[in-house]
Amino acid sequence: MTETPTAPQRNELPPAWNPAEVEAGLYQRWVERGYFTADASSDKPPYTIVLPPPNVTGSLHMGHALNHSVMDALTRRRRMQGYEVLWLPGMDHAGIATQNAVERSLAGEGRSRHDLGREKFVERVWEWKAEYGGKILDQMRRLGDGVDWSRERFTMDEGLSRAVQTIFKKLYDDGLIYRAERIINWCPRCQTALSDIEVDHSDDEGELVSIRYGSGERSIVVATTRAETMLGDTAVAVHPEDERYQHLIGTEVEVPLTGRYVPIVADEHVDPKFGTGAVKVTPAHDPNDFEIGQRHDLPALTVMDGRGVITAKGPFEGLDRFEARPAVVAALREQGRIVAEKRPYTHAVGHCSRCDTVVEPRLSMQWWVKVEPLAKAAGDAVRDGRTKIHPAELSKRYFDWVDNLHDWCISRQLWWGHRIPVWYGPGGEVVCVGPDEQPPSGEGWVQDEDVLDTWFSSGLWPFSTMGWPERTDELAKFYPTSVLSTGYDILFFWVVRMMMFGLYAMDGKQPFDDVFLHGLIRDQYGKKMSKTRGNGIDPLDWMDTYGADATRFTLLRGTSPGSDLAVAEEWAAGSRNFTTKLWNATRFALGNGATVARPLPPREALTDADRWVLDLLDELVTEVDAHFESFQFAKLSEALYHFTWDEFCDWYLELAKVQLAEGGVRAEATQSVLGHVLDVLLRLLHPLTPFITETLWTTLTGGESLVVADWPRASGAERDAVAAARIEGLKKLVTEIRRFRSDQGLKPAQKVAGKVRGACCVDLLDQVPAVRALTRMTEPGEDFAATVSLEVGLPKGTVTVELDTSGAIDLAAERKRLAKDLAVAEKERAQCEGKLGNPSFTDKAPAEVVAKIRTRLEAANAEIERIHARLESLPQS
RNA sequence: GGGCGCGUAGCUCAGUGGAAGAGCACUCGGUUUACACCCGAGCGGUCGCAGGUUCGAAUCCUGCCGCGCCCA
């Protein structure tokens, strides 16, 4: 393998990190070296994720970018931990969406799919797929997804189609697939049935019209939002215990405009509190009415065709449903039948999730999956803990769903998809054909025209992609998969279906051990991103501007199980700043001889600063591991960010400068510590930000690649509390001196002569040189004359800093500073005295809490005394 | 209508019984030889409201108000 120019040699880091120039080359190299290709014959423990297959028509949006960042982070860490990782990519064929896309392009040529015929149309779809489909796969490469491209799958591929036919046959033979005439959700635009979950409900403005049926004492008023369906009414229903209507139950009433008489039936389903307590019943055009119709043996009268056009004979025939509605109302008004009208009236209306057309409930013959036994098994797998949902709170929602699942309508009146493998014979025979069986031939045999719901095939994804129904090595090695990661909004769409099919097809083995549900992406004001709002952000824009690493880090940094995350341009810029910081820190370290070539010196040969930073690093490793195990990406990102910026860069690098300046053994040890910390840090960051870490780490270590490097482990060294206390003391001292300088208006670069007194008494003697360096304090000369002395209270005592500011100090600023400190100390004293003055506190609170408050009070008192003395000693201005 | 969740700094969010935190934004100062995509110092909060439990409540309980999501 030849080195590409994207791999800089040691100590040759360019001054700035330029992701656009480097990312593509790094990714290509990873793929070429086969790092992402899984080996089914490996002895390593398996770790498997199947990618929720994106839609073949789709392109990468923020939700994908988030989910892919999660999966890539999970798989990269496991790979580094020595697992045999399979992350399997692919796409689903998106029946309706793809057919729509191709029909649109045909419409541009003035043709319809019917002009082409079924066979030619399907060919055309495959051509479309080859040319335009799968844009998202290239976008995944930009993000850095470590997927196994050699195992890419598509739901319409031969092997997966065979899996579909196999499971259909098995379910059919087991009596779990049946054909029945029922009310389904029908999209008049897509001209197909939809399942419940392909319907989105929204509160729309409509009308509520109250209509008098019958006349005189025999009349009854019903309210409806869909007046036009009255043409298909076959009953009026009231609640059986509704006293208003007892005398009418069992009688017949005239349906206006139709001349038909229909019975008034009593049904528990009717809500007596809604409207007049009486409802019209249209069994062929409403799911609830259909059920009432079944219970009362009512006829179902279809008055509309598949395009939503009225077919009932009479004046309304040929009108679209939305034209028919006002026409019917007008006709009723003319007859004095309208009792009340409420307009606008807001109510829930179902829309096709693909094209937003108002869904029409429609009576038709469809294929169904009997979900009850499958759903029960899906619920049990989670109840038993074989599959764990993260966050666990969403399990309840999962149970509510699977325990109340309606049978699943799986037939679609489309041409693009898996055709239902059922043949009908001339004598009314129905034959379901398995994958290796010959369909019945001969006169009069025809195959069912319909195709299967896309979810029917993607529900098989965790095992169809690994060769099922064959018993493949892949299945043996990689099933059940380890984690399924997706947004909580499609828990029901997809997760439940995979659970049902996985348990059914794989002998009760769950399709995944863990389900990680992340939240939805929102804008900086917490609003959902949507086209209509215009607040969407394209992750590709972010990658162009800030790099893939910054994009990934931004998303992961906001990701807690189940909670939504708000993102904005500024967030991405902040992540880019973080990558820049990491770049510069590493560049600085390398420029000063940071190395991993020598082993770390023994602990006793290290400074307090060295031991402190190494201990923090150990804690970081432990913390990152814990957060990975619990899918707490926000917390682990935050921990890494905080360590890198606030501890390593802000403090250790500054302290290292002092140690490097000492030269000799001290400098060499420091170079080793720098090299070691960066080595571990870059490994820890790699799953989140793979590109920049790869570049920095290969330069630092000369190693082959971080992708296949080992995941760090905590050293196990005992934490050095003394070193930690000293560094905390140093920080406090430095911060206080800087604060004084800032308040006094001293320029940051201005050097000031000074003395530090009392450091030995608070165990900070060794830290004094670093304190001086970090506060630009020079050695006092012969003419040193302290113009101010600054007292810094530390846990073990007070350090006094005398400074020669070569002139009068700003007394007003100094008084203000002291007054502020005094106010803080006095508030502290009041709080502590309040507590200690309360006998029930001292009696009942744990002894260590009381002792802590006592210590705090003493410290506050000392501080107050000290500040008073200082204030009095200040010259009067 | 049923269920779940949320209300903490200007914005987005951590913190789930013993000193109110972070990032971004904002103010002031800065050409500090890693970094101005930066450094240093600051400002900013009766933790939605009202009760209760407790020595002690952002944290636990009850009610109310507001917001969101899922289901009907």
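Per chain, numbering begins at 1; letters A, B, ... match sequence-line order.
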Does [N] have OP1 or OP2 sitting under 4.0 Å from an N or O in the side chain of [X]?
X        : N     : value
A:Asn404 : B:C71 : no
A:Trp571 : B:C37 : no
A:Lys747 : B:G30 : yes
A:Lys751 : B:U32 : no
A:Lys820 : B:C43 : yes
A:Lys827 : B:A19 : no
A:Arg397 : B:C70 : no

Strictly by modelled atom types, are A:Asp646 and A:Tyr641 linked by a side-chain donor-acceptor pair under 3.5 Å?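 A:Asp646 vs A:Tyr641: no donor-acceptor pair found between side chains.
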How far does the C1' atom of B:U59 sit from the matching atom of B:A14, given to the nearest Å?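 The answer is 13 Å between these two C1' atoms.
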Which dot-bracket string fits RNA chain B when only Watson-Crick or G-U wobble pairs with both atom distances under 3.5 Å count, crossing pairs get [ ], and | stands for a partner on a different strand? ((((((((.[[[[.)..(..]]]].(((((.......))))).....[[[[[..)....]]]]]))))))).
Output yes when [X] and [Y] qualify as a salt bridge under the 4.0 Å nitrogen-oxygen rule, no when they do not.
X        : Y        : answer
A:Lys731 : A:Glu654 : no
A:Asp821 : A:Arg739 : yes
A:Glu623 : A:Lys635 : no

Closest listed nucleotide, where the reference is the side chain of A:Lys581 and the choices are B:A34, B:G40, B:C13: B:A34
Per the atom types in the model, does the base of B:C55 pair as donor or acceptor with the side chain of A:Ser840 at under 3.5 Å? no
If you go through the side-chain atoms of A:Arg856, does one of them form a donor-acceptor pair with the base of B:A19 closer than 3.5 Å?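 Answer is yes: a donor-acceptor pair is held.
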Check every strand shown and say whether A:Pro839 touches a base, only sugar-phosphate, or nothing at a heavy-atom separation below 4.0 Å. nothing
Provide, to the nearest angstrom, the distance between the CG atom belonging to A:Leu405 and the C1' atom belonging to B:C71. 13 Å
